[in-house]
Amino acid sequence: IQEGAELPASTSVQGLETEAISTKPRPFSHVIPPLGTVNDKSLEFSAINTQSEPSIAVSGPNVVIGFNNVSGPFSGGSFSGYSYSTNSGATFTEVPGGLPPIGTIVPRGDPSLAMQSGGRFYYSTIALDVITEESSILVYRSTDGGVTFAPAFSVVAPCPTPPCDFLDKPLITIDRKAGSPFLGRLYMTYTRFLAAGGTDIESCAFRASTGTFFGCTTLTTEDVQGSM
């Protein structure tokens, strides 16, 4: 069948009788115009400019998009970039350098975002201590609609001597259901790549507003990858 061709009313295709089929393209009834990029291309380096694995959270007119940003560390920041909008996504502002490192602990991407009412946002990211090689998952909190983020709490894989376990692929969500006995609780899952081989899927819970730690549990020790 050639592109744009019309088939006769009844055509045998591999022994099957079919009705007439048109391969001519049909116009969309509604086309959503592109909004453009959320990252600021002026902050990129010509040969190091990849953004990937985006995560988005929305609270009223405030929108935050987190993404891996390989340019971040070269401007004194981290691999965990983000942009914010205060006008429902009409325009975005990228924050140079993204999430700030904490001393020698550098956020390394894999963003997952969640929100609460009042413009509070939470951004989880994998991180690595560049001196000790200790792996962690950091959660940053924003109380100004996603314009700025500060470290809030973390999960750390203690490693007195390398090789170390590696924590990866975090996902977070917050219980926002009115009347829930767990209202305001932040849940996190992630993959632990064991230094000795194999993987675990683990889950932890915190009070989002205070960082109060409720504990972690291993969901499965099957050799699987990915969070849930």
Side-chain angles (χ1 to χ4, degrees), residues 26-46 48-101 106-127 137-153 169-178 180 183-190 206 208-209 211 226-228:
R26 298 180 180 179
F28 288 105
S29 59
H30 179 66
V31 177
I32 301 175
L35 296 177
T37 61
V38 302
N39 57 299
D40 184 345
K41 292 183 177 296
S42 70
L43 299 176
E44 299 175 357
F45 293 85
S46 59
I48 308 172
N49 56 14
T50 300
Q51 290 80 32
S52 61
E53 300 185 11
S55 179
I56 184 170
V58 180
S59 177
N62 301 309
V63 185
V64 182
I65 299 180
F67 46 85
N68 294 345
N69 185 14
V70 298
S71 295
F74 297 92
S75 59
S78 72
F79 291 97
S80 301
Y82 73 95
S83 295
Y84 67 87
S85 171
T86 58
N87 53 16
S88 300
T91 60
F92 281 89
T93 299
E94 180 180 352
V95 175
L99 297 181
V106 180
R108 297 182 64 86
D110 278 14
S112 179
L113 273 71
M115 53 74 64
Q116 284 185 304
S117 60
R120 288 174 291 174
F121 289 88
Y122 297 82
Y123 186 137
S124 70
T125 174
I126 62 174
I137 295 174
L138 308 178
V139 177
Y140 286 70
R141 181 190 297 116
S142 172
T143 59
D144 57 7
V147 177
T148 61
F149 281 84
F153 44 91
K169 304 178 176 69
L171 289 174
I172 61 172
T173 190
I174 297 175
D175 188 341
R176 296 186 286 118
K177 182 176 176 58
S180 169
L183 181 67
R185 188 169 292 194
L186 182 146
Y187 298 97
M188 172 197 298
T189 65
Y190 56 88
F206 301 85
S209 59
S227 199
M228 63 184 68

Give the minimum heavy-atom separation between [X] and [Y], together with the two atoms involved.
| X | Y | value |
| --- | --- | --- |
| A90 | S85 | N-OG, 3.9 Å |
| G184 | Q116 | CA-NE2, 3.7 Å |
| P107 | P100 | CG-O, 4.0 Å |

For this session: Apply side chain to side chain contact (heavy atoms under 4.5 Å, CB included) to V95 and F149, showing your working.
Result: CA-CA 10 Å; V95 175; F149 281 84; over 6 Å; no
Distance (rounded to the nearest 0.5 Å) between [X] [atom1] and [Y] [atom2]:
| X | Y | atom1 | atom2 | value |
| --- | --- | --- | --- | --- |
| D110 | Y190 | CG | OH | 14.5 Å |
| S124 | L113 | OG | CG | 7.5 Å |
| M115 | T173 | CE | OG1 | 10.5 Å |
| S52 | F67 | OG | CZ | 10.0 Å |
| M188 | S112 | CE | OG | 8.5 Å |

Quick one about [Y] and [X] (side-chain donor to acceptor, distance below 3.5 Å, no hydrogens or angles considered), yes or no?
| X | Y | value |
| --- | --- | --- |
| Y84 | E94 | no |
| S180 | D175 | yes |
| Q51 | N69 | yes |
| D144 | S142 | yes |

May I ask you to decide if [Y]'s main-chain N or O and [X]'s side chain share a donor-acceptor pair within less than 3.5 Å?
| X | Y | value |
| --- | --- | --- |
| S80 | L99 | no |
| S83 | I65 | no |
| Y123 | G81 | yes |
| T125 | L138 | no |
| S78 | G98 | no |

Heavy-atom side-chain contact between [X] and [Y] under 4.5 Å:
| X | Y | value |
| --- | --- | --- |
| R108 | F79 | yes |
| N68 | P111 | yes |
| V64 | Y82 | yes |
| L183 | K177 | no |

Exercise. Which of these, F153, Y122, Y187, sits in a ring pair (Phe, Tyr, Trp, His ring centres under 6.0 Å) with F206?
Worked result: F153
Exercise. Are F92 and T37 close enough, and set up right, to give a side chain to side chain contact (heavy atoms under 4.5 Å, CB included), and what steps lead you there?
Worked result: CA-CA 8 Å; F92 281 89; T37 61; over 6 Å; no
